[in-house]
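All values below were derived from every heavy atom in this structure, side-chain atoms included, with hydrogens, water molecules and symmetry-related copies excluded.
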Amino acid sequence: MNLRALKRNIPFAATTLVCVVLYLSAGIKFHHDGFFSLRVFVNFFSENAFLGIAAIGMTFVILSGGIDLSVGGMIGLTSILLALFIEKFHLHAAIAIPLVLVFGTLFGAIMGGLIHFFGLPSFLVTLAGMFFARGLGLVLHLESIPINHFFSAIASRLEIPLVHGLIFPATAVLYFAAFIIAIWIAHFTRFGR
């Protein structure tokens with residue numbers, strides 16, 4: 001490995017080292033609670049998959065020199081919209097999911113247009129977008145809405161069985177699939193380079 005490649009991988013190596021040190025220190029502190037068990041390790045990925053997928057998108061935004069503070073608000077708003085479409089308005093998920101994706105894309109395109117065409121700072125535009133998304137989510141529904149059907153059937157097909165009845169859930173599988181696709185885009189496409 002040449003010096004240039006080594007320098008390029010220092011941030012990744014440092015991030016990996018910090019994650020390993022944090023995991024080991026938490027494991028030492030909570031070893032009586034079974035922190036080092038496979039179940040806890042799998043749950044780490046399944047419970048935080050949505051954060052990982054959002055972080056993948058944010059990586060591309062930051063690499064391009066921008067910032068987007070509205071991601072958390074948009075995750076909340078689109079989740080509420082999807083749950084309302086499926087559970088309250090009884091739309092099929094094959095219709096509800098594209099509708100929510102189109103809404104999120106338009107919302108992002110409007111903010112991107114304000115930043116690009118009017119030269120507004122991305123920090124301020126996305127901060128306003130975050131407040132707008134969070135506020136709209138609260139106006140639409142104050143409490144959580146469970147999605148009780150459709151997704152469980154898909155999730156059970158994407159699960160990977162592990163040892164002792166433990167499963168690698170669909171959320172973690174989707175996260176790792178998104179991670180692999182993002183690595184491929186970043187390293188092997190003209191857009192990524």
**Q** Show me the side-chain donor-acceptor pairs of residues 57-65 shorter than 3.5 Å, one per line, residues at least two apart or across chains.
**A**
from  : atom 1 : to    : atom 2 : distance (Å)
Thr59 : OG1    : Ala55 : O      : 2.7
Ser64 : OG     : Phe60 : O      : 3.3
Ser64 : OG     : Val61 : O      : 2.7

**Q** Who else is in the cluster with Ile28 when I, L, V, M, F, W and Y are joined by side-chain contacts under 4.5 Å?
**A** none

**Q** Please write out which residues are connected to Val21 in a hydrophobic cluster, directly or through intermediates, given that two of Ile, Leu, Val, Met, Phe, Trp, Tyr count as joined at side-chain heavy-atom separations below 4.5 angstrom.
**A**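 The other cluster members (ILVMFWY side chains, heavy atoms under 4.5 Å, direct or chained) are Leu17.
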
**Q** Hey, can you pull the donor-acceptor pairs under 3.5 Å for the side chains in residues 109-136, sequence neighbours left out?
**A**
from   : atom 1 : to     : atom 2 : distance (Å)
Thr126 : OG1    : Leu69  : N      : 3.1
Thr126 : OG1    : Ser122 : O      : 2.7
Thr126 : OG1    : Phe123 : O      : 3.4

**Q** How far apart are the closest heavy atoms of Ala178 and Ile56, and which atoms are they?
**A** C-CD1, 3.8 Å

**Q** Of all residues at least two apart in sequence or in a different chain, which pass the ring-ring contact (aromatic ring centres under 6.0 Å, His included) check with Phe85?
**A**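 Here no residue qualifies.
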
**Q** Taking side-chain contact (heavy atoms from CB on, under 4.5 Å) as the definition, give me every residue that meets it alongside Ile167, ordered by chain and number, with sequence neighbours left out.
**A**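 Counting only residues at least two positions away or on another chain, Ile167 forms a side-chain contact (heavy atoms from CB on, under 4.5 Å) with Glu159.
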
**Q** Which residues satisfy the side-chain contact (heavy atoms from CB on, under 4.5 Å) test with Ser37, sequence neighbours excluded?
**A** Arg39, Val40

**Q** Can you list the other members of the hydrophobic cluster that holds Val18, where links are side-chain heavy atoms under 4.5 angstrom apart?
**A** Leu22

**Q** Let me check something: do Leu140 and Leu138 share a hydrophobic cluster, defined by ILVMFWY side-chain heavy atoms less than 4.5 Å apart, either directly or through other members?
**A**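 Shared cluster, no.
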
**Q** Within the structure provided, determine whether Phe36 and Leu24 are in side-chain contact (heavy-atom separation under 4.5 Å).
**A** yes

**Q** Which residues pass the side-chain hydrogen bond (donor to acceptor under 3.5 Å, both in side chains) test with Ser70, sequence neighbours left out?
**A** Asp68

**Q** Taking side-chain contact (heavy atoms from CB on, under 4.5 Å) as the definition, give me every residue that meets it alongside Ile145, ordered by chain and number, with sequence neighbours left out.
**A** Ala83, Leu84, Glu87, His141

**Q** So Leu77 and Phe103, side chain to side chain contact (heavy atoms under 4.5 Å, CB included) or not? Walk me through it.
**A** CA-CA 10 Å; Leu77 177 58; Phe103 171 79; 3.5 Å; yes

**Q** Quick one: CZ on Phe50 to CD1 on Ile75, what's the gap to the nearest 0.5 Å?
**A** 6.5 Å

**Q** Step through the shown structure and confirm whether more than 12 heavy atoms of other residues, nucleotides or ligands are within 6.0 Å of CZ on Phe12.
**A**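 Check fails, neighbour count at 12 or below.
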
**Q** Linking I/L/V/M/F/W/Y whenever their side-chain heavy atoms sit closer than 4.5 Å, directly or via other members, would Leu51 and Phe168 fall into one cluster?
**A** no

**Q** Which residue in the set Leu99, Ile97, Leu91 passes side chain to side chain contact (heavy atoms under 4.5 Å, CB included) when paired with Leu82?
**A**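 Exactly one pass, corresponding to Ile97.
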
**Q** Do you know which two heavy atoms are closest between Val71 and Ala54, and how far apart they sit?
**A** CG1-CB, 3.8 Å

**Q** Under a single-linkage rule joining Ile, Leu, Val, Met, Phe, Trp and Tyr whose side-chain heavy atoms are separated by less than 4.5 Å, which residues share a cluster with Val102?
**A**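 Hydrophobic cluster check, Val102: joined to Leu106.
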
**Q** Which heavy atom of Pro169 sits nearest to which heavy atom of Ser46, and what is that distance?
**A** CG-CB, 3.1 Å

**Q** Please say yes or no: joined through hydrophobic side-chain contacts below 4.5 Å, possibly via intermediate residues, are Phe188 and Ile180 part of one cluster?
**A**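 In one cluster with Phe188: Ile180, no.
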
**Q** If every non-hydrogen atom of Ile185 is compared with every non-hydrogen atom of Phe191, which pair is closest and at what distance?
**A** CG2-CD2, 3.7 Å

**Q** Is there a path of hydrophobic side-chain contacts, each under 4.5 Å between heavy atoms of I, L, V, M, F, W or Y residues, that connects Phe176 with Phe44?
**A**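 Yes, Phe176 connects to Phe44 through the hydrophobic network.
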
**Q** Under the ring-ring contact (aromatic ring centres under 6.0 Å, His included) rule, collect the residues that match up with Phe41, sequence neighbours excluded.
**A** Tyr23, Phe45

